[in-house]
Amino acid sequence: MQSPAKQWLRRSLRGLFASICLASVLFISTGYIVARQADRAELRPVDALLVLGAAQWDGEPSPVLEARLTEAIRLYRLGYARRIIVSGGTGLNDTRSEASVAYDFLIEQAIDPTLIISVAQGSDTRTTLLAVRDEMQRQQIDSLLIVTDPPHLLRALKMAHDYGITSFGAPVKANTPTTNWASIKATSRETLAYLAYVLLDQ
């Protein structure tokens, strides 16, 4: 007969193994959903296109931000929306917001400035979407196409839904990871971020 200490150890190891298996299943299944949403363009006519912010470099959009803006311009010219919302606040040690740099880029591409809405608040997806929601209410905008990188799309859409924003996905194919390893890293990072939001509200 095993001692109480050995019985406790066996039960603890079984519990640990079961927890690891459960966590692995949850991570893999969520990663699959992240990857599936990344490939799904839900294009349809909406009130506005929302370009989620990304880094700007000394007043110029980073390649990631430029690709998002270029895709938004393409969708705008195809007639999916009459207005474009650019978003993103000012990063640490930056002198300009992501939204203001995006605004200037759109004007340089001959987009009518009266059709651009700048929301220069937000340091992450959550705070940006909350600021966008407030601006949508002021501007009487009811629906969005969210323009962002493919792995980021599921989390952005989930947050938008939770905040009462009618939105659909417009993945930026130019920002799709170009190698298997890069794809795995991006999907894993977004899977963890999505689970942190859903399970921990972070």
Side-chain angles (χ1 to χ4, degrees), residues 34 37-38 41-42 46-73 75-76 80-107 111 113 115-172 174-175 186 189-202:
V34 169
Q37 181 66 65
E42 302 168 334
V46 291
D47 292 334
L49 303 165
L50 169 61
V51 181
L52 286 178
Q56 60 86 20
W57 298 342
D58 297 324
E60 297 293 331
S62 64
V64 170
L65 180 55
E66 183 171 345
R68 295 181 186 183
L69 291 166
T70 300
E71 176 64 7
I73 292 169
L75 296 173
Y76 167 80
Y80 284 103
R82 289 295 299 154
R83 287 184 281 185
I84 302 176
I85 302 173
V86 291
S87 64
T90 304
L92 185 65
N93 299 323
D94 285 341
T95 58
R96 295 192 60 187
S97 67
E98 295 165 0
S100 69
V101 172
Y103 181 92
D104 289 349
F105 181 88
L106 292 180
I107 291 177
I111 303 298
L115 302 177
I116 306 171
I117 300 169
S118 180
V119 180
Q121 295 87 38
S123 58
D124 53 25
T125 305
R126 179 198 297 267
T127 54
T128 295
L129 285 172
L130 289 172
V132 167
R133 182 186 64 182
D134 293 343
E135 187 63 26
M136 288 175 65
Q137 293 171 350
R138 285 190 287 270
Q139 300 277 352
Q140 296 184 326
I141 293 171
D142 295 323
S143 59
L144 299 174
L145 274 175
I146 296 181
V147 183
T148 191
D149 300 349
H152 182 220
L153 204 50
L154 181 69
R155 181 161 59 97
L157 288 170
K158 170 62 174 170
M159 286 185 175
H161 173 78
D162 290 348
Y163 303 153
I165 301 172
T166 299
S167 56
F168 308 94
V172 181
N175 287 340
R189 182 172 59 249
E190 276 299 325
T191 298
L192 289 173
Y194 181 82
L195 288 172
Y197 169 70
V198 172
L199 298 179
L200 305 174
D201 194 30
Q202 293 184 352

With side-chain contact (heavy atoms from CB on, under 4.5 Å) as the criterion, how do Leu144 and Val46 come out once you've worked through the C-alpha distance, each side chain's angles and the decisive distance to 0.1 Å? CA-CA 6 Å; Leu144 299 174; Val46 291; 5.7 Å; no

Shortest non-hydrogen contact from [X] toward [Y]:
X: Leu106; Y: Ile84; answer: CD1-CG2, 3.8 Å
X: Thr127; Y: Gly122; answer: OG1-CA, 3.3 Å
X: Gln56; Y: Glu98; answer: CG-CA, 4.2 Å
X: Met159; Y: Thr125; answer: SD-CG2, 3.6 Å
X: Ala160; Y: Ser167; answer: CB-OG, 3.3 Å
X: Pro151; Y: Val34; answer: O-CG1, 3.6 Å

Please name all residues satisfying side chain to side chain contact (heavy atoms under 4.5 Å, CB included) with [X], sequence neighbours left out, ordered by chain then number.
X: Ile107; result: Tyr103, Pro113, Ile116
X: Asp104; result: Arg96
X: Gln37; result: Arg40, Glu42, Leu153, Leu154, Leu157
X: Leu199; result: Leu26, Leu195

According to the salt bridge (charged side-chain N to carboxylate O under 4.0 Å, His left out) rule, which pairs have a member within residues 192-202, sequence neighbours left out?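 Checked against salt bridge (charged side-chain N to carboxylate O under 4.0 Å, His left out) - neighbours excluded - the pairs reaching residues 192-202 are Arg126-Asp201.
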
Between atom NZ of Lys158 and atom OH of Tyr197, what is the distance when rounded to the nearest 0.5 Å?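 That separation rounds to 6.0 Å.
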
With rounding to the nearest 0.5 Å, note down the distance linking CG in Leu115 to CG in Leu49.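 CG of Leu49 is found 11.0 Å from CG of Leu115.
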
List the steps, then state whether side-chain contact (heavy atoms from CB on, under 4.5 Å) holds for Ile117 with Ile141. CA-CA 11 Å; Ile117 300 169; Ile141 293 171; 3.5 Å; yes

Are the side chains of Thr166 and Asp142 in contact, using a 4.5 Å heavy-atom criterion? no

So, using side chain to side chain donor-acceptor pair (under 3.5 Å) as the criterion, who are the partners of Ser97 when residues are at least two apart? Ser100

Donor-acceptor contacts, no H, no angles, side chain residues 128-135, under 3.5 Å, sequence neighbours left out:
residue, atom, partner, partner atom, Å
Thr128, OG1, Asp124, O, 2.8
Arg133, NH1, Tyr163, O, 3.3
Glu135, OE1, Arg138, NE, 3.1
Glu135, OE1, Arg138, NH2, 2.8
Glu135, OE2, Gln139, NE2, 2.9

Ser118 (side chain) donor-acceptor with Val86 (main chain) under 3.5 angstrom: no

Can you pull the side chain to side chain donor-acceptor pair (under 3.5 Å) pairs that have at least one residue in residues 80-93, sequence neighbours excluded? none

Please list every donor-acceptor pair under 3.5 Å in which a side-chain atom of residues 62-73 meets a protein atom from a residue at least two apart or in another chain.
residue, atom, partner, partner atom, Å
Ser62, OG, Ala55, O, 2.6
Ser62, OG, Leu65, N, 3.3
Arg68, NE, Asp149, OD1, 3.1
Arg68, NH1, Leu52, O, 2.8
Arg68, NH1, Gly53, O, 2.9
Arg68, NH2, Asp149, OD2, 3.2
Thr70, OG1, Glu66, O, 2.8
Glu71, OE1, Arg74, NE, 3.0
Glu71, OE2, Arg74, NH2, 2.8

